[in-house]
Each structure stands twice: as structure tokens, then as C-alpha cells.
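If you're wondering where the values come from, they're calculated on a predicted model, not measured in any experiment.
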Amino acid sequence: ANEEATRVDYILSSVDATTRKTILDTFNEEDEPPLYKACSTGSINIVNLLIKHSVNVNQQTGDKHQKAGETGLMYSSCNGQLQIVQTLLKNGADVSITSKDGCDATYYAAEEGQLQVFQEIVKHDPRFVDRKGLRGRTPLIIASECGHIAIVRELLKMKVEINAQDVNGWTALMHLSLIHISEPTR
């Protein structure tokens, strides 16, 4: 990983500013910008290098990507990459950006049960804890539907809208009633 980071740093340091910007703004064949690709490989070293060379931390995947409009922050939130999430937030990643399906980093962290990442994002910017994403689900609804009780508890502490309904008219409580929860309730 360090060898790869050294190569990337060498390349970006060897070119003029215009060429560097072109490199940092070029998407691969999967319609992914460089920062997103670095996040998808989990390489904090490459993420830091790209930021050092002024990459746009809010780059979104292109329309041909399977998750169109997703940012590196969204990918890292979904996959529990706490250190990358912290780095992106510290360097201006915008929590308010949504993917083409209407989901943001808060939603993705709740959907995947990434408690520490979820807490970090909400600590940074709590405005989106009630925002509806895919199929009208809020973070509380998606965490409930997926059985992520720790995140449900976090959201309830935040006094989120508990009666929000998804596109089918279901609330978080309705989703919770359908799953088997293996942890004891308190």
C-alpha cells in the first residue's frame, strides 16, 4: 500500500497543476472518480494523498455506475471505514449530498449497521437523521428494517421522527415487529 501511495504521489507531484486536475477529475471505465476508487479499496494512504493534491472530496460516481451519484464518504460509511470517514469529513466532505437514489452517508451507515461511522457523521452534521432516502425510508426505518438495534437506539436518543412512513406506509416500529432480534431488549 505504501509503495502504491509513493507511486501516486510521484505522479501527481511530477505534473503541472492543469494536468494534475485532469488526472484527479478523470473517471475509470466503471465511472468512478479517483477518490471513490481509493475509498473502495480502503486505502487511507491514497485517500490522504489525493486530498493533499486537492482532489474534490465530494466527487460522485457517474451515471453509468451501479450506484450512480455515490461519493467516497457514502462508500466508506456503508463499509465501516471509520478512519476514511473521519478524514473525508475533516477535509470538507458534504454530508448533505445524496446519490441518484436519494440516499446520503447517514442513511448508508444506518442501513449497514455501522454504529461508529454513523455516530461520527451525526456528530459532524446531525441535520439529516430524518431525511428520506430510497423508497421513502429514513435512517430509523432502514436501521429498523435491517435489525440494527444499536443505531435504532442512537436515533431514538436523538428524538427523531418515530412515526415517519416509507412509501408503503410502514413505520420503523412496523419493520421492527417483523424481525427476530437476538439481543435482549432493555
Side-chain angles (χ1 to χ4, degrees), residues 33 35-36 38-40 42 44 47-48 51 55-61 65-186:
L35 183 64
Y36 183 90
C39 292
S40 75
I44 186 66
V47 168
N48 282 325
I51 290 170
V55 73
N56 173 0
V57 295
N58 294 309
Q59 287 178 321
Q60 293 177 272
T61 55
H65 192 269
Q66 64 181 356
K67 292 197 172 192
E70 195 171 87
T71 64
L73 178 63
M74 291 175 203
Y75 183 93
S76 298
S77 297
C78 190
N79 290 284
Q81 299 168 331
L82 181 60
Q83 188 178 10
I84 292 176
V85 166
Q86 291 168 327
T87 299
L88 292 172
L89 290 172
K90 185 176 100 180
N91 286 282
D94 186 349
V95 178
S96 72
I97 294 173
T98 61
S99 61
K100 296 290 184 195
D101 62 10
C103 300
D104 58 29
T106 308
Y107 180 95
Y108 285 126
E111 180 178 39
E112 295 301 323
Q114 302 294 348
L115 180 61
Q116 288 181 306
V117 168
F118 180 83
Q119 290 168 325
E120 189 70 28
I121 293 168
V122 170
K123 179 175 73 174
H124 180 79
D125 191 341
R127 294 177 296 159
F128 306 103
V129 294
D130 278 324
R131 177 190 272 171
K132 291 188 174 193
L134 186 62
R135 296 194 302 270
R137 295 178 298 189
T138 63
L140 180 62
I141 291 172
I142 192 63
S144 298
E145 183 179 331
C146 295
H148 301 307
I149 304 308
I151 291 183
V152 169
R153 285 187 179 127
E154 279 293 310
L155 286 160
L156 292 175
K157 285 183 211 171
M158 298 175 73
K159 308 254 189 258
V160 296
E161 174 54 54
I162 61 170
N163 293 314
Q165 297 178 352
D166 63 19
V167 294
N168 297 316
W170 284 54
T171 65
L173 182 59
M174 292 171 164
H175 284 287
L176 274 173
S177 70
L178 291 179
I179 62 169
H180 171 71
I181 301 170
S182 58
E183 84 176 65
T185 55
R186 294 182 210 144

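- With rounding to the nearest 0.5 Å, the separation of CD1 in Ile121 from OG in Ser76 is 9.0 Å.
- How far CD1 of Ile84 is from CG of Asn79: 9.5 Å, rounded to the nearest 0.5 Å.
- Contact between Val95 and Arg131 at its shortest, heavy atoms only, is O-NH1, 4.4 Å.
- Distance alone, capped at 3.5 Å, is enough to place a donor-acceptor pair between the Gln81 side chain and the Cys39 backbone.
- Two residues are said to be in side-chain contact when any heavy atoms from C-beta on lie closer than 4.5 Å; Cys103 and Thr98 fail this criterion.
- Contacts of Asp125 classified as side-chain hydrogen bond (donor to acceptor under 3.5 Å, both in side chains), with partners at least two apart in sequence or in another chain: Arg127.
- Residue Ser144 is tested with Leu140, Ile141, Ile142 for a side chain to side chain contact (heavy atoms under 4.5 Å, CB included); the sole match is Leu140.
- Distance alone, capped at 3.5 Å, places no donor-acceptor pair between the Thr71 side chain and the Gln59 backbone.
- Closest approach of Asn58 and Gly92 over heavy atoms only: ND2-O, 3.5 Å.
- For residues 78-101, the pairs satisfying salt bridge (Lys or Arg N to Asp or Glu O under 4.0 Å) are Asp63-Lys100, with sequence neighbours left out.
- Annotation: salt bridge (Lys or Arg N to Asp or Glu O under 4.0 Å) contacts involving residues 155-164, sequence neighbours excluded, comprise Glu154-Lys157.
- Minimum heavy-atom separation, Lys132 to Gln165: NZ-O, 2.6 Å.
- Residues Leu35 and Leu88 meet the side-chain proximity criterion, which asks for heavy atoms closer than 4.5 Å.
- Minimum heavy-atom separation, Asp166 to Arg135: CB-O, 3.4 Å.
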Run the side-chain donor-acceptor check on residues 105-118: report pairs under 3.5 Å with partners two or more places apart or on a different chain.
unit_1: Tyr107; atom_1: OH; unit_2: Arg137; atom_2: NE; d: 3.1
unit_1: Tyr107; atom_1: OH; unit_2: Arg137; atom_2: NH2; d: 2.9
unit_1: Tyr108; atom_1: OH; unit_2: Ser99; atom_2: OG; d: 3.1

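- The side-chain hydrogen bond (donor to acceptor under 3.5 Å, both in side chains) search around Tyr75 returns none, not counting sequence neighbours.
- Within the 4.5 Å cutoff, no side-chain heavy atoms of Arg153 are placed close to those of Leu156.
- For the pair Asn91 and Val57, the tightest heavy-atom approach, listed with the atom from each and the gap, is O-CG2, 3.4 Å.
- For the pair Thr87/Ile51, a side-chain contact is recorded, criterion being any heavy-atom separation below 4.5 Å from C-beta on.
- Applying the ring-ring contact (aromatic ring centres under 6.0 Å, His included) rule to His175 yields the partners Trp170; only residues at least two apart in sequence or on another chain are considered.
- Across every non-hydrogen atom of Pro139 and Val129, the tightest pair is CD-O, 3.3 Å.
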